[in-house]
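For reference, the structure is listed below as structure tokens.
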Amino acid sequence: MKRLAIVGMPNTGKSTFFNRLTGASSRVGNWPGITVDLYGAQLPIGSDLAQVVDLPGIYDLHGFSDDEQVVRAFLENNPVDLVVVVLNATQLDHQLPLALQIRDLGFNTVVMLNMADEAQHLGIRIDTEALARGIGCPVVLVSARRGSGFPEAQQAIATALADARPLQLDSVRAALAPDDRVVERAEALVKGAVDAPGVLVRRTTERLDRILLHPVFGLPLFFLTMFLVFQAVYTLGAPLQDGVAWLLDEFRALALKPLAGVLPGMLYGFLVEGIYDGVGTVASFVPVIILFFFFMAVVEDSGYLSRAAFLMDALMSRFGLDGRSFVMLLMGFGCNVPALMGTRVMRSRALRLLTMLVIPFSLCSARLQVFLFLTTALFTPRQAPLVLFALYLLSFAAAMLTALVAGRRLRNNEPFVLEMPPYRAPIPRQVLLRGWHEVSHFLHRATKFIIAGVVLVWLLTNFPASEVPGGPDTFAGMLGRLAEPVLGPIGIGAEMAVVLVFGFVAKEIIIGAMVAMTGLQGDALMGYLAQHMDWVQAMSFMIFVLLYTPCVSTLATQRAEARSWGFVGVSVGWSLGLAWLTSFAFYHGARLLGY
Ligand SMILES: Nc1nc2c(ncn2[C@@H]2O[C@H](COP(=O)(O)OP(=O)(O)OP(=O)(O)O)[C@@H](O)[C@H]2O)c(=O)[nH]1
Ligand SMILES: [Mg+2]
């Protein structure tokens, strides 16, 4: 099978091009460093099938960051029939050298000048034929986003693949031509083939930046935006969540109830009150999570994320981190795993490790489920969003404290240069894809962890069968008693302690486990919680859940990215200790104040 690699600088639209070419759904976003790993798809070309690989962005082929090494390793370990170089047509002066380097290495090459729409808008005119002669390969002007020039691009790729000879290099670095010569050639080419106004005016972007990057109002505006996002997620999400819960209830009453007479009591309890209710309660949060990702996708795809990095850079550097670390923390609000992988764009290992140490404190969507449930159960509708916001602040504070403590060992001296991409309207397809991705992520986690967790908790609470289900002499009761001495002092009773033990694997299990344990669901479970915990205990529980340990997938990713178990050990030990101490301080502080 022929192999085709897509190479280019970060944020030039490689993944957008790849998606349009193959119909795949590689992640796209207006932030340099969205793709950090290989992503492949198959493409029928004529009677052949070609494998197309979307690669991370690289500034040059000498690069040292982990994502740049991914690209180099790919070119060194796989014969490649065609390299499609994607360049941003509005920045040819500094992007062309990469195309020349690739061509000089001897690769069969096609160059895509992407973002034709923006180039046209800015009044840039490009003589593609002159460029093609100069580089020595076909050059096509396209807009991967709008689709203009795309048939020509496909044609050029098919033709170039037809007489392809695969090339595999032993060492990309050794084969590279000296940089200054390449840069000189690129300059001469751009001079001859590109006609651009002296200064590029991006009116909308400049106007927006004057407000959003304002030295005084920029940061408050950013926090206000985030606050509104959370408020919106909460307000819009609650009825959606009720809707799903209602549907699940109806299905239960109409379709599952009749089973009660047929199945033996224990089996019915296991299937319906254990698995169905447990997984169903977790599933009712999926709409809220999708909504959350919808807003995050908008923030990411509009280009505001890069502004957030810029605004927070000064503050973050006091903690030994930088603007990119902040963006990774924000991404971690979705799920910690991709955020950890996103740190590959950092060259300094110290900075990368430090960022990977703080990311697990990001309040991910799995924890959000737990907090939505508990805040609804124990606080008034007016208080709930504020409590939630306070938890987000705590999540950030814990991350910063961690950076301060660990920063002594992991000192960063990598200068941070961030390119500000122009603002772009988010693409609906992209935003919808993110939503869909979340649903499949949930289903994946459901089959992997949630069902298993719920089943286990149900078994623990219902056995030995001679005991009263959920009673102190069941296995769950014994486990709770074991955890009691540790969790008692922070106000967490035996029942909830068992739930926390399972939360170690995945935080999504927590709510499902509560259902399996109490045999209650929805409003009934909320009522039960409100009777068995006061708000101080609930808050202490939530603080503990927020901080206590990254889930198993996060740990596995930390291990893979840092290539060290010691690092993972430090991360778990530190978060457990911090969680316990924070909950302890909160719990006893509140009690002392008379709550
Ligand atoms: N105006 C315009 N925007 C585009 C075009 N192609 C891509 N974009 C936008 O450019 C941004 C970056 O697109 P991606 O496809 O994620 O870029 P990438 O090169 O894969 O980026 P990394 O994976 O981070 O290296 C997104 O906001 C896209 O919507 C285009 O032809 N015109
Ligand atoms: Mg990409």
Side-chain angles (χ1 to χ4, degrees), residues 5-22 24-41 52-60 63 65-68 70-71 74 83-92 95 98-99 111-122 124 126 140-150 152-153 200 202 204-205 296-307 309 324 327-328 331 338-339 341-346 418-434 437:
I6 300 188
V7 177
M9 289 198 183
N11 213 30
T12 52
K14 296 178 295 302
S15 300
T16 312
F17 184 83
F18 169 85
N19 288 349
R20 191 176 275 279
L21 190 66
T22 61
S25 48
S26 185
R27 202 169 139 210
V28 165
N30 199 2
W31 164 258
I34 289 284
T35 311
V36 289
D37 213 345
L38 309 174
Y39 191 76
V52 188
V53 182
D54 183 22
L55 291 164
I58 46 170
Y59 285 105
D60 69 66
S65 63
D66 284 357
D67 58 339
E68 288 172 319
V70 166
V71 176
F74 179 80
V83 177
V84 176
V85 181
V86 177
L87 305 181
N88 180 341
T90 69
Q91 301 177 346
L92 280 184
Q95 301 215 336
L98 182 64
V111 171
M112 299 295 155
L113 305 182
N114 190 30
M115 316 229 172
D117 52 324
E118 289 190 357
Q120 192 191 12
H121 189 73
L122 293 168
I124 300 173
I126 302 169
V140 190
L141 191 62
V142 294
S143 169
R145 183 171 164 147
R146 302 270 169 85
S148 69
F150 204 71
E152 292 83 343
L200 298 182
R202 296 180 182 272
T204 324
T205 291
M296 288 299 278
V298 172
V299 170
E300 182 181 290
D301 210 23
S302 62
Y304 197 30
L305 211 53
S306 304
R307 273 72 189 179
R324 285 169 303 180
V327 167
M328 293 311 147
M331 282 191 183
M341 294 177 71
T343 60
R344 288 185 188 177
V345 297
M346 298 169 173
L418 178 70
E419 236 180 281
M420 277 302 151
Y423 290 102
R424 299 189 172 110
I427 315 171
R429 182 187 124 92
Q430 216 47 60
V431 173
L432 290 177
L433 265 177
R434 282 297 289 284
H437 177 84

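Counting starts at 1 for both ligands and their atoms, following the listed order.
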Is the side chain of Ser143 donor-acceptor paired with the backbone N or O of Ser148 at a distance under 3.5 Å, no angle test?
no

Should you measure from each heavy atom of Ser15, which atoms of ligand 1 turn up under 4.0 Å away?
15 (O), 18 (P), 20 (O)

I want to confirm something. Looking only at heavy atoms, which of Lys14, Met9, Arg20 is nearest to atom 18 (P) of ligand 1?
Lys14

Looking only at protein heavy atoms, identify the closest one to atom 10 (O) of ligand 1 and say how far it is in Å.
Arg424 NH1, 3.1 Å

So which protein heavy atom does atom 15 (O) of ligand 1 come closest to, and at what separation?
Thr16 OG1, 2.6 Å

Atoms of ligand 1 close to Thr35 [distance to a heavy atom under 4.0 angstrom, numbered from 1]
20 (O), 22 (P), 23 (O), 24 (O)

Does Glu118 pair with Arg424 as a salt bridge, N-O distance under 4.0 Å?
yes

If you measure from each heavy atom of Gly29 to ligand 1, is any distance below 4.0 Å?
yes

Got a donor-acceptor contact below 3.5 angstrom from the Arg20 side chain to the Arg145 backbone?
yes

So for ligand 1, is Pro56 a polar contact partner (N or O within less than 3.5 Å, distance only)?
no

Would the distance check show the side chain of Lys14 and the main-chain N or O of Val85 forming a donor-acceptor pair, the cut-off being under 3.5 Å?
no

Considering both backbone and side-chain atoms of Asp54, is one of its nitrogen or oxygen atoms within less than 3.5 Å of a nitrogen or oxygen in ligand 1?
no

May I ask you to determine how many protein N/O/S atoms are under 2.8 Å from the Mg ion (ligand 2)?
2

Ser143 heavy atoms within 4.0 Å reach ligand 1 at atoms 30 (C), 31 (O), 32 (N)

Keeping the roles fixed (side chain from Glu300, backbone from Gly29), state whether a donor-acceptor pair exists under 3.5 Å.
no

For atom 17 (O) of ligand 1, the protein heavy atom that lies nearest, with its residue and separation
Gly13 N, 3.1 Å

Sub-3.5 Å donor-acceptor pair from the side chain of Thr12 to the main-chain atoms of Met9, do we have one?
yes

OG1 (Thr35) and CG (Leu55) are apart, to the nearest 0.5 Å, by 9.0 Å

Sub-3.5 Å donor-acceptor pair from the side chain of Asp117 to the main-chain atoms of Arg146, do we have one?
no

Within-4.5 Å side-chain heavy-atom neighbours: Leu141 and Ile126:
yes

In the protein, what heavy atom is nearest to atom 1 (N) of ligand 1, and what distance, to one decimal place, separates them?
Asp117 OD2, 2.9 Å

Got a donor-acceptor contact below 3.5 angstrom from the Glu152 side chain to the Val140 backbone?
no

I need the nearest protein heavy-atom contact for atom 6 (N) of ligand 1: residue, atom name and distance, please.
Asn114 ND2, 3.2 Å

Measure the spacing between CG of Leu21 and OG of Ser26 and express it to the nearest 0.5 Å.
12.0 Å

A student checking ligand 1 against Ile427 at a 4.0 Å heavy-atom cut-off should list atoms 29 (O)

Of the choices Arg145, Met112, Arg27, Gln430, which has the non-hydrogen atom that lies closest to atom 30 (C) of ligand 1?
Arg145

Does Asp67 reach the main-chain N or O of Val36 with its side chain, forming a donor-acceptor pair under 3.5 Å?
no

Centroid separation under 6.0 Å, is that true for the rings of Phe150 and Phe17?
yes

Closest non-hydrogen atom pair, Ala5 against Phe74
CB-CE2, 3.9 Å

For Val142 against Gly149, the heavy-atom pair lying closest together:
CG1-O, 3.3 Å

Provide, to 0.1 Å, the distance between atom 8 (N) of ligand 1 and the closest protein heavy atom, together with that atom's residue and name.
Met115 CE, 3.7 Å

Numbered in order shown, the ligand 1 atoms found under 4.0 Å of a heavy atom of Gly57 are 25 (O)

Which of the numbered atoms in ligand 1 are under 4.0 angstrom from any heavy atom belonging to Val28?
13 (O), 14 (P), 15 (O), 16 (O), 26 (C), 28 (C)

Can you list the atoms of ligand 1 that are under 4.0 Å from a heavy atom of Glu118?
1 (N), 2 (C)

Using heavy-atom distances only, which candidate in Asn11, Asp301, Thr12, Val86 approaches atom 27 (O) of ligand 1 most closely?
Asp301

